[in-house]
Number of protein chains: 2
Amino acid sequence: MDEIKSPSFKPLYQQVKELMVLRLTDRSWAPGSILPSEALLAAEFGVSQGTVRKALDELTSENLLRRSQGRGTFVTEHTANRSLFHFLNMVDQNNEKQIPESHLVSIASGLATESEAIDLGLIESMNVIRIQRNRSLEGIPVITEEIVVSSNRTPGLENYPLPLPNTLYQLYEKDFGFSVTSAREWLTAVSANQQQAQHLNVEVGAPLLCVKRIAYTYNAQPVELRISLCHTANHSYLSELT
Amino acid sequence: MDEIKSPSFKPLYQQVKELMVLRLTDRSWAPGSILPSEALLAAEFGVSQGTVRKALDELTSENLLRRSQGRGTFVTEHTANRSLFHFLNMVDQNNEKQIPESHLVSIASGLATESEAIDLGLIESMNVIRIQRNRSLEGIPVITEEIVVSSNRTPGLENYPLPLPNTLYQLYEKDFGFSVTSAREWLTAVSANQQQAQHLNVEVGAPLLCVKRIAYTYNAQPVELRISLCHTANHSYLSELT
DNA sequence: GAGTGGTCTAGACCACGAA
DNA sequence: TCGTGGTCTAGACCACTCT
């Protein structure tokens, strides 16, 4: 009999990595908590320490884990800093990120539109929660945005005690048990309509940067849709190409 | 005597990596060429194969090298594909990148403005070459842009036989001996002026996406400034956050 | 000093590509 | 069949953090 010629070879460290992602997904490794040491993990998974290390290193480079020499390996969590800085690309004219303030305009639940259902991977016209808010940088209104999440993922969010926290991703993680781990953004230029112009204190028809974001949790599941309109007179969106 | 307590400890693989970047910079490893095998490099640098591998892996993740199992390790070069796809983030409504056509408007040399000199790391008012061109996707004019490079880096470019190639980064690499390895882009929304409106076949005052790019070669040296105005009715700028 | 992650080594074996 | 990069192991030692 011929031996099997690796019809679907998958390296050990990738299998280990997948098991680790499972633990992150089901929260047996919760955000902010510390993992067992490399040696313990190696013993537990029955592989060498080098193999565990390769899996951990990949998860670290994907920002799912954070390692610190002498202290240990931790599950990345949405601290205020991470939410505000890692997932907000607006910089001022010195290329520095500022801390935004948020002002809630409205929050309500309703049926998902067809395009929202597609973007969020929902079936038909399920219920969603919509949040409108404005954000200021250094006291000046710069962003007006609408946020859409499935009611299934955030039950009761529309009745959450106000004010909502500035950093929604922290809220999702702490109160609703899912973590945003990556996102894609589509940028276009649009003209301000009357409502946007009012929120941003510009004239109707002024050019605005429109940022449509879909945020994903582990394994690229979409969890949030966000459309932000940004006034770019004194700020710009910074993108690094490598 | 106390021993030195590692006042500036630098791992071996990083030292090896720096030596490798030197070879890339001085082109003793030229774009597109193949590197010696891991075993040979290990012998040459006097370190283990694992250490060489770690240096090579980092350079690969920075897109300076490309590795291929069974074939070897190669210096990344600016093929048409890399220039057009890796450094052009405009996608159509199906999230697909299209091949752009370029139409030269003008090319001339002149003195750098103060802001150009700052962006390109030049001293005072050195000479630069400015290229204006329009780019179409699927036959529709979508981008009008100005490109600025130091005359020192591209001597005689203003008299280059026309038409200029579609992919300038290939030209820089092949004819002027420097490679673009990374870039930063700042995005804002602006209103079309008369000239832009004409090039893009839109009305004066229409919103346009303004992309200011600084492109860098090895070791983060700035080499090119580019300001692109994009008509985003049917295309958008895609940015991935991880 | 004990425990953690980070570096470095040497060697075995596997998957892949090309001749 | 050979040479390449890719995986996996076992073990030694180093740098860092905390107690």
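Letters A, B, ... mirror the listed sequences (proteins, then strands); counts begin at 1.
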*Nearest whole angstrom, please: distance from the C1' of D/dG6 to the CD of A/Gln14.*
11 Å
*Take the protein atom CD of B/Glu38 and the nucleotide atom P of C/dC16, then report the distance between them rounded to whole Å.*
17 Å
*Taking atom P of D/dG3 as reference, at what distance in whole Å does atom CG of B/Leu41 sit?*
17 Å
*Side-chain N or O of A/Arg71 less than 4.0 angstrom from OP1 or OP2 on D/dC16?*
no
*asked:* Test of understanding: with ring pair (Phe, Tyr, Trp, His ring centres under 6.0 Å), list the residues that count as partners of B/Tyr237, not counting sequence neighbours.
replied: none
*In whole angstrom, give the distance that lies between atom CG of A/Leu65 and atom P of C/dT4.*
17 Å
*Measure from CZ on A/Arg66 to P on C/dG6 and round the result to the nearest Å.*
12 Å
*Atom CG of B/Asp57 to atom P of C/dG6: distance rounded to whole Å?*
16 Å
_D/dG5, OP1 or OP2 - any side-chain N/O from B/Thr73 closer than 4.0 Å?_
yes
*For B/Asp92, all residues meeting side chain to side chain donor-acceptor pair (under 3.5 Å), sequence neighbours excluded*: B/Gln98
*Quick one: list whatever passes side chain to side chain donor-acceptor pair (under 3.5 Å) with A/Glu62, sequence neighbours left out.*
A/Lys17
*Where is the tightest heavy-atom contact between A/Arg133 and A/Asn166, given as atom of each residue plus distance?*
NH1-O, 3.2 Å
*asked:* Using OP1 and OP2 only, check whether a side-chain N or O of A/Arg67 sits under 4.0 Å from C/dG6.
replied: yes
*Specify the separation, in whole Å, of atom NZ of B/Lys17 and atom P of C/dT7.*
11 Å
*Do A/Arg53 side-chain and C/dG5 base share a donor-acceptor contact under 3.5 Å?*
no
*Sequence-aligned protein contact record of nucleotides 9-14 of chain D, with B where the base is within under 4.0 Å of a protein heavy atom and S where only the sugar-phosphate is*: BS----
*Quick one: which residue pairs count as a ring-ring contact (aromatic ring centres under 6.0 Å, His included) with a foot in residues 53-99 of chain B, not counting sequence neighbours?*
B/His78-B/Phe87, B/His78-B/Tyr169, B/Phe87-B/Tyr169
*Taking atom C1' of D/dG6 as reference, at what distance in whole Å does atom CD of A/Glu58 sit?*
12 Å
*How would you list, by chain and number, every residue that makes a side chain to side chain donor-acceptor pair (under 3.5 Å) with A/Asn81, sequence neighbours excluded?*
none
*Under 4.0 Å: is that the gap between some side-chain N or O of A/Lys54 and OP1 or OP2 of D/dT7?*
yes
*Find which nucleotide of DNA chain D each of A/Gly70 and A/Gln15 is nearest to by heavy atoms, and output the residue with the more 5' nucleotide.*
A/Gln15
*Do B/Arg66 and B/Thr76 have side-chain atoms, one donor and one acceptor, less than 3.5 Å apart?*
no
